[in-house]
K.L.:
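Below is the structure I would like to discuss, written out as structure tokens.
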Amino acid sequence: MRALGLLILGILAVLSVVYCDVIPLERAFPLNKRVELSHLVARDQLRHSRILQGLVGGVVDFSVQGSSDPYLVGLYFTKVKLGSPPREFNVQIDTGSDILWVTCSSCPNCPQSSGLGIQLSLFDTASSSSARLVSCSDPMCSSEFQTTATQCSQSNQCSYSFQYGDGSGTSGYYVSDMLYFDAVLGQSLIANSSAVIMFGCSTYQSGDLTKTDKAVDGIFGFGRGDLSVISQLSSHGITPRVFSHCLRGDGSGGGIMVLGEIMEPGIVYSPLVPSQPHYNLVLQSIAVNGQFLAIDPSVFATSNNRGTIVDSGTTLAYLVQEAYDPFVSTITATVSPSVTPTIYKGNQCYLVPTSVNEIFPPVSLNFAGGASMTLKPEEYLIHSGFYDGATMWCIGFQKVQGGVTILGDLVLKDKIFVYDLARQRIGWANYDCSLSVNVSITSSKDFINEGQLSVSSSTIEMLFKLIPLSFITLLMQLLEFVEFQFL
């Protein structure tokens, strides 16, 4: 019987090459709801005012839904399960902030309904048997982890208060409780798993956070700080310090976001700028059709209010004026013989008689470490409708005067992006995000979305080191069942 049991364990280990935690990702606004470009710019500007202040605000994929079309865009959110018994919360994904927080039952002015067609939930610490208030003496609230988001109240509770540049904000206190997720073994076997994490319970919200048209239960930060969920889980050996996404750029949208490392031979990497709260890279130059633009590299230098940030929470893309002006003028000069340049609502646009891929040149963004990002026309242009029998396309990059260059979803789509915090680098490669991806589990298990995954194998010894108690229990129950059948 023992030999049979060991055989089953071996078979299960071989079949369990994929070990993932799955949380579905959804889109906040339906695809049939068009949004004006000016509204998208206004939304991004509000977000950027938060980024420039360096505040911690406050995502795991999963099967991504939505489209990169900026006229149909909305916020992305996912579901997380918290507390005992577990309750589901819809939380906005935000790579530009660190903290996971959800609305507390004691919040008097927080939204009670949502225009997104979701049922809002409130977290009640008294209703969760595993909830614990975080005291000021807790290591996670000590000076080592102190940020503008972490404070100590008079009642000895570890609390937070975010005040954003757009006038919105939230405050509350930190809670330690269970986060539940599904551990996927192979392509079909699923086992429940959980981990204790520290997150915020919001008792006050203001500004945009109070609006019901796009209300969700909270925000799930994927930032670089110690209080982000990815940092907390990796510090306990539960996940690696790396996550990846691949956002589809076609009309059907969707994609994959993984807590883990997507493996692809064509990925190139550029080092992260150290000691920065966001995902800052060193952009060195821009080339149009292979010709470098006359841009002083110092305009991209990282400082308190300058630099280049990769941010999936930004819809469009933003270039500092010193780079924007030569970029647009070069594009216009290159395509003018074949298109009709025009200004539409303050944006540089073009009336195009045929496919943009036949007329517009490729653009390359060149980063430190020799890593280049090649943009197809659809990754720097926006389809803005039709005029006088021609298709109108507009420059999707927006001009920033004396600020930060931000690469949003317009640029990030149709590429694998790997945020490797362990090695302090970001990698990317052009990819069809409707296809399956390879995910490494050599250092730990991975969060995935519903996209199909192929996983690079590690040793069975390493795999067993990663198996949590809940899965060990499941295996033992299977073994007991088999032995019972042969008695």
Side-chain angles (χ1 to χ4, degrees), residues 16 18-23 56 58-62 78 80-84 86 89 91 95 97-102 128-135 137-147 149-150 158 160 174-185 190-201 220-244 257-261 419-424 439-448 455 458-459 461-475:
S16 303
V18 183
Y19 190 99
C20 310
D21 299 319
V22 179
I23 306 175
V56 181
V59 87
V60 311
D61 168 287
F62 341 7
T78 189
V80 295
K81 292 182 180 180
L82 300 169
S84 301
F89 298 87
V91 288
T95 59
S97 63
D98 292 337
I99 309 300
L100 166 63
W101 63 263
V102 294
S128 174
S129 61
S130 53
R132 180 181 66 84
L133 300 182
V134 179
S135 69
S137 60
D138 190 287
M140 290 295 281
C141 196
S142 67
S143 57
E144 179 182 355
F145 297 98
Q146 284 284 351
T147 67
T150 309
C158 188
Y160 64 87
Y174 285 109
V175 177
S176 174
D177 209 342
M178 304 299 296
L179 167 69
Y180 295 88
F181 42 84
D182 291 329
V184 178
L185 307 161
I190 297 178
N192 294 329
S193 190
S194 62
V196 176
I197 64 165
M198 177 174 160
F199 59 92
C201 197
F220 199 164
F222 259 123
R224 301 171 66 175
D226 295 304
L227 289 177
S228 71
V229 170
I230 187 171
S231 294
Q232 291 187 58
L233 294 179
S234 63
S235 68
H236 295 296
I238 298 174
T239 66
R241 290 198 70 202
V242 56
F243 68 95
S244 316
M257 190 168 183
V258 183
L259 270 188
E261 182 178 3
Y419 301 74
D420 190 344
L421 300 181
R423 299 174 184 174
Q424 290 294 291
V439 179
S440 170
I441 59 169
T442 56
S443 60
S444 190
K445 57 190 183 220
D446 310 292
F447 278 86
I448 68 166
V455 179
S458 59
T459 64
E461 177 184 2
M462 176 65 72
L463 181 63
F464 274 92
K465 290 181 180 179
L466 303 176
I467 296 175
L469 182 60
S470 58
F471 182 51
I472 294 176
T473 303
L474 174 63
L475 288 178

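Residue numbers start at 1 and run along the sequence shown.
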K.L.:
Over all heavy atoms of both residues, which pair between Gly225 and Asp98 is shortest? Give the atoms and the distance, please.
P.N.:
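Smallest interatomic distance, heavy atoms only, reads N-OD1, 3.1 Å.
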K.L.:
For residues Leu421 and Gly223, report the shortest heavy-atom separation together with the two atoms involved.
P.N.:
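So the two residues come closest at CD1-O, 4.5 Å.
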K.L.:
Are Arg241 and Gln424 close enough, and set up right, to give a side chain to side chain donor-acceptor pair (under 3.5 Å), and what steps lead you there?
P.N.:
CA-CA 10 Å; Arg241 290 198 70 202; Gln424 290 294 291; over 6 Å; no
K.L.:
Is the ring pair Phe222/Phe243 parallel, tilted or perpendicular, if the boundaries are 30 and 60 degrees?
P.N.:
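Phe222 vs Phe243 ring planes: parallel.
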K.L.:
Let me confirm one number: the CZ-OG distance from Arg224 to Ser97, rounded to the nearest 0.5 Å.
P.N.:
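Answer for the CZ-OG pair, Arg224 versus Ser97, is 14.0 Å.
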K.L.:
Among Val134, Leu82, Leu179, find the residue that satisfies the side chain to side chain contact (heavy atoms under 4.5 Å, CB included) test when tested with Phe199.
P.N.:
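Only one option passes, and that is Leu82.
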K.L.:
Can you find a pair of side-chain heavy atoms, one from Val196 and one from Met178, that are under 4.5 Å apart?
P.N.:
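Yes. Closest side-chain heavy atoms under 4.5 Å.
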K.L.:
Would you say Ser228's side chain and Gly221's backbone share a donor-acceptor pair under 3.5 angstrom?
P.N.:
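Answer holds: no.
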K.L.:
So, does Ser128 use its side chain to make a donor-acceptor pair with the main chain of Ser84 at under 3.5 Å?
P.N.:
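Here the side-chain-to-backbone pair exists.
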K.L.:
Return yes if some donor-acceptor pair links the side-chain N/O of Glu261 with the main-chain N/O of Asp420 below 3.5 Å, else return no.
P.N.:
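No; judged by distance alone, with no hydrogens or angles, the pair does not exist.
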K.L.:
Which atom pair, heavy atoms only, marks the closest approach of Cys201 to Val175?
P.N.:
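Nearest heavy atoms, Cys201 then Val175: CB-CG2, 3.9 Å.
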K.L.:
Over all heavy atoms of both residues, which pair between Gly83 and Ser130 is shortest? Give the atoms and the distance, please.
P.N.:
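Closest heavy-atom pair between Gly83 and Ser130: C-OG, 4.0 Å.
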K.L.:
Drop me the distance from Gln232's CD to Asp226's CG, to the nearest 0.5 angstrom.
P.N.:
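Gln232 atom CD to Asp226 atom CG measures 9.0 Å (nearest 0.5 Å).
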K.L.:
Kindly give the heavy-atom pair with the smallest separation between Gly260 and Ser244, and that separation in Å.
P.N.:
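Distance-wise, the nearest heavy atoms are O-OG, 2.8 Å.
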K.L.:
What closest approach, in Å, do Tyr160 and Gly200 show between heavy atoms, and which atom pair accounts for it?
P.N.:
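Tyr160 and Gly200 have their closest heavy atoms at CE2-CA, 3.5 Å.
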